[in-house]
Amino acid sequence: MTAAPCGLDYSRSVLELAVDLLGATVRHGACAGRIVETEAYHDSEAACHAHVGLTPRTHVLFGPPGRAYVYRSYGIHALLNAVAEPEGVGAAVLIRALEPLDGIGEMQARRRRERPEELCSGPGKLTQALGIDLAQNATDLATGPVRIEPRTGFAPDHLAAPRVGITKAAELPWRFCERGSRFVSRPWPPGLRGG
DNA sequence: CATGGGATTGACT
DNA sequence: GTCAATCCCATGC
């Protein structure tokens, strides 16, 4: 038996952090959800924004671990990441899906959807549901407006698979989902389901 | 300064 | 299955 972790170490390997964030809670205002899907990004591979080096956009990624990296995707959506690894390394974990916990009425109003499965089952959906936008970029995830509370107890059983929606470094299995969750952004390929 | 490309989503055929 | 919405920012001239 290993001891249950009592905190999150954002400075560790982005792959380890991506798994460790499964089961953690994201909270913003009155809304909160349990992380059921993550993806890892690292400056050593081409899908990561930090791959181009230090620019105004990637400044946060290369900064201290444990901060939020929020950026606009396709001109429409805000996507939430947790910066990982020591300062000087550009790496982050993309939060891709949550299981809604608190403030569900508020999430339903923002999303204009009723079903819990449609509130946070995607990286753009969960930021809309929780009211997270670019104003929260670079804020501290332990003390800032957007907080991540470590899970209590053991890590959920999970599956690894290739990341979604990228064209570069698409072969790396750096997507992690809680096994059996109905709140993930999209179903697993046939044959992998239930693992 | 002009251009092009997205770590997406929802509506539609 | 296809496709448009819409904006930040990296890149190139």
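Labels below follow one simple rule: chain letters A, B, ... track the order of the sequence lines, proteins then strands, and each chain is numbered from 1. We use all heavy atoms of the structure for the numbers below, so side chains are in, but hydrogens, waters and symmetry mates are not.
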Euclidean distance, [Y] [atom2] relative to [X] [atom1], rounded to 0.5 Å:
X        : Y        : atom1 : atom2 : value
A/Leu126 : A/Ser121 : CG    : OG    : 9.0 Å
A/Leu15  : A/Phe176 : CG    : CZ    : 5.0 Å
A/Leu98  : A/Lys125 : CG    : NZ    : 12.0 Å
A/Ser185 : A/Glu39  : OG    : CD    : 7.5 Å

State which residue, out of A/Pro100, A/Cys177, A/Cys120, fulfils the side chain to side chain contact (heavy atoms under 4.5 Å, CB included) condition with A/Phe183. A/Pro100
Looking at every strand, decide which applies to A/Leu94 at a 4.0 Å heavy-atom threshold: base, sugar-phosphate, or nothing.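 The residue A/Leu94 makes base contact.
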Evaluate A/Arg182 against A/Glu99 for side chain to side chain contact (heavy atoms under 4.5 Å, CB included), listing each step before the verdict. CA-CA 8 Å; A/Arg182 72 181 193 277; A/Glu99 175 181 339; over 6 Å; no
Between [atom2] of [N] and [atom1] of [X], the distance in whole Å:
X        : N      : atom1 : atom2 : value
A/Arg163 : B/dG6  : CZ    : P     : 14 Å
A/Arg175 : B/dT8  : CZ    : P     : 11 Å
A/Arg186 : B/dG10 : CZ    : P     : 12 Å
A/Tyr71  : B/dG6  : OH    : P     : 11 Å

Will you find, in the side chains of A/Gln128 and A/Arg110, an N or O donor that is under 3.5 Å from an N or O acceptor?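 Distance-only check fails for A/Gln128 and A/Arg110.
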Does a side chain donor of either A/Thr25 or A/Arg34 reach within less than 3.5 Å of an acceptor in the other side chain? no
What string of B, S and - do you get for nucleotides 5-13 of chain C 5' to 3' if you count protein non-hydrogen atoms under 4.0 Å? BBB-SSS--
Tell me, please, whether A/Tyr10 has A/Arg67 positioned over its six-membered ring: NZ or CZ under 6.0 Å from the ring centre and within 45 degrees of its axis?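 Verdict for A/Tyr10: no cation-pi partner in A/Arg67.
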Which dot-bracket string fits DNA chain C when only Watson-Crick or G-U wobble pairs with both atom distances under 3.5 Å count, crossing pairs get [ ], and | stands for a partner on a different strand? |||||.||||||.
Got a sec? Which of residues 97-130 of chain A come in under 4.0 Å of DNA chain C, heavy atoms?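 Result for residues 97-130 of chain A: none.
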So do the side chains of A/His158 and A/Arg179 get within less than 4.5 Å of each other, counting heavy atoms only? no
With ring centroids as reference points, do A/Tyr41 and A/His49 lie under 6.0 angstrom apart? no
